[in-house]
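All values derive from a computational prediction rather than experimental measurement.
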Amino acid sequence: MRKSSLLSVLIFFSALFVDQYSKNWAKGLPSLRYNQGFIMGYFAGLPDTLRIISLASFASFIFFLYICLILIIPTRARYLKYGLSLMVAGIMGNTLDKTIQGMTTDFIPFVWGNQLISFNGADVFLWGGTAILVWVIFKKDKLIWYPDNTRQNILVRPKDQFKVAMVLTAVAFSSSVVICIFSYTFFNTMLKTLNYGRDQIMTTYFFTACILTLLFCCSAFIAGIVISHKTAGPIYAFELYVNDLINGKDRKFRLRDGDSYQDLENVAEKLRVHFTIPPKE
């Protein structure tokens, strides 16, 4: 894993730690407030066990997408990774509160007109990370989209890239099936004991499990295509470069930041010298 990715993960866990520590520290403050709102109160009527499992599933999917994006985003767009790390840490911080205690802990007061608004460290990280993302996307867009790079097509070697994507999708699908079987058995057994609207809950569970499995598989497939591009792309670019040399076109061979097979640049330069400089007699 590259340094920017490791630093991004470190930022994520550091922000999460600061958020949780600050909420524990603030428990004696007069400004302390508890906020029970979350996704329009959707989980408010569920038993604690169901609420915890539902929110944990949501958090795990967010974290899965976060790791995929950290691996996909190029190194030179590192500020995009850092902003994303702060934003996801904010989401996870409040989700942890909801999972553990059923409400978020707010302790930072802010007066808006005649209204007192309270928020927490997770909210600061969430909005700060979002601001960084917006700034990078609109001000540093060339770092993301490579407008001057001729390798615009993400599918440069479709057959090889689809193989990688299908392998990752199969892993995601298999993992989801194992988790679904376990959680279905657990839910079914628990709801029989609680007698808590078993049929309605299980129908909701089945629908949600299918949606989550589909999202995991789609995310894994897209991640496989993009990640494999870092391997297939250099090979594709090298093929084009060799063809140009054979046809008499002299140019430098450069790979993208984060591409595999960086040593191909040295090989390409040796080929360039061999083709463009006539041998000594």
Side-chain angles (χ1 to χ4, degrees), residues 1 5-71 73 80-110 117-133 172 175-176 178-180 182-183 186-187 190 196 201 204-205 208-209 211-213 215-216 219:
M1 187 180 289
S5 298
L6 288 174
L7 182 57
S8 299
V9 175
L10 180 61
I11 290 173
F12 168 81
F13 283 108
S14 298
L16 192 61
F17 172 79
V18 169
D19 170 63
Q20 295 299 302
Y21 180 83
S22 63
K23 289 173 180 175
N24 185 64
W25 168 82
K27 287 184 177 179
L29 296 179
S31 60
L32 186 67
R33 300 287 186 275
Y34 291 104
N35 182 7
Q36 296 183 345
F38 188 79
I39 311 181
M40 299 178 292
Y42 180 76
F43 296 105
L46 292 178
D48 289 343
T49 304
L50 294 180
R51 171 177 53 80
I52 290 172
I53 294 175
S54 300
L55 288 173
S57 300
F58 168 77
S60 64
F61 179 67
I62 294 296
F63 187 73
F64 172 78
L65 287 179
Y66 164 70
I67 293 297
C68 288
L69 289 173
I70 289 299
L71 294 174
I73 296 173
L80 189 65
K81 294 184 178 184
Y82 303 157
L84 183 65
S85 298
L86 289 175
M87 185 184 73
V88 175
I91 295 174
M92 295 290 284
N94 284 332
T95 302
L96 278 177
D97 285 359
K98 278 294 181 179
T99 302
I100 297 171
Q101 61 187 17
M103 60 188 74
T104 57
T105 303
D106 297 332
F107 60 93
I108 304 174
F110 177 76
I117 301 174
S118 296
F119 56 97
N120 54 45
D123 297 326
V124 174
F125 293 133
L126 172 60
W127 290 108
T130 302
I132 293 175
L133 289 179
S175 302
S176 298
V178 172
I179 295 173
C180 288
F182 166 76
S183 57
F186 176 80
F187 273 168
M190 184 186 68
Y196 184 87
I201 290 295
T204 304
Y205 161 78
T208 305
I211 294 297
L212 282 175
T213 300
L215 289 174
F216 269 113
S219 301

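- When every heavy atom of T105 is checked against every heavy atom of K23, the shortest pair comes out as O-CE, 3.8 Å.
- Here F63 contributes atom CZ and I70 contributes atom CD1; the two are 9.5 Å apart, rounded to the nearest 0.5 Å.
- D19 places a side-chain N or O within 3.5 Å of a backbone atom of A122 that can act as its donor or acceptor partner.
- In this structure, S85 contributes its side chain and S8 its backbone to a donor-acceptor pair below 3.5 Å.
- Of the inter-residue distances, the one linking Y66 atom OH with I91 atom CD1 reads 11.5 Å to the nearest 0.5 angstrom.
- Between I62 and T95, the closest side-chain pair of non-hydrogen atoms is not below 4.5 Å.
- Atom-to-atom distance recorded for L32:CG and I108:CD1 is 11.5 Å, nearest 0.5 angstrom.
- Across A26 and F107, no two heavy atoms sit closer than the pair CB-CG, 3.3 Å.
- Here the CD1 atom belonging to I11 is positioned 11.0 Å from the CG atom belonging to L6, to the nearest 0.5 angstrom.
- Scanning both residues, L86 and A15, for their nearest heavy atoms gives CD2-CB, 4.1 Å.
- Closest non-hydrogen pair, L84 versus L133, comes out as N-CD2, 3.6 Å.
- Across S118 and R33, no two heavy atoms sit closer than the pair OG-CG, 3.6 Å.
- Judged by distance alone, the side chain of D123 and the main-chain N or O of N120 form a donor-acceptor pair under 3.5 Å.
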Inset, instruction - Report the C-alpha distance between V88 and M92 in whole Å, list the side-chain angles of each, state the deciding distance to 0.1 Å, and finish with yes or no for side chain to side chain contact (heavy atoms under 4.5 Å, CB included). - result: CA-CA 6 Å; V88 175; M92 295 290 284; 4.0 Å; yes
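- The aromatic rings of F17 and Y21 sit parallel to each other, their planes meeting at less than 30°, with 60° as the upper class boundary.
- Side chains of K81 and S5: a donor-acceptor N/O pair is present below 3.5 angstrom, by distance only.
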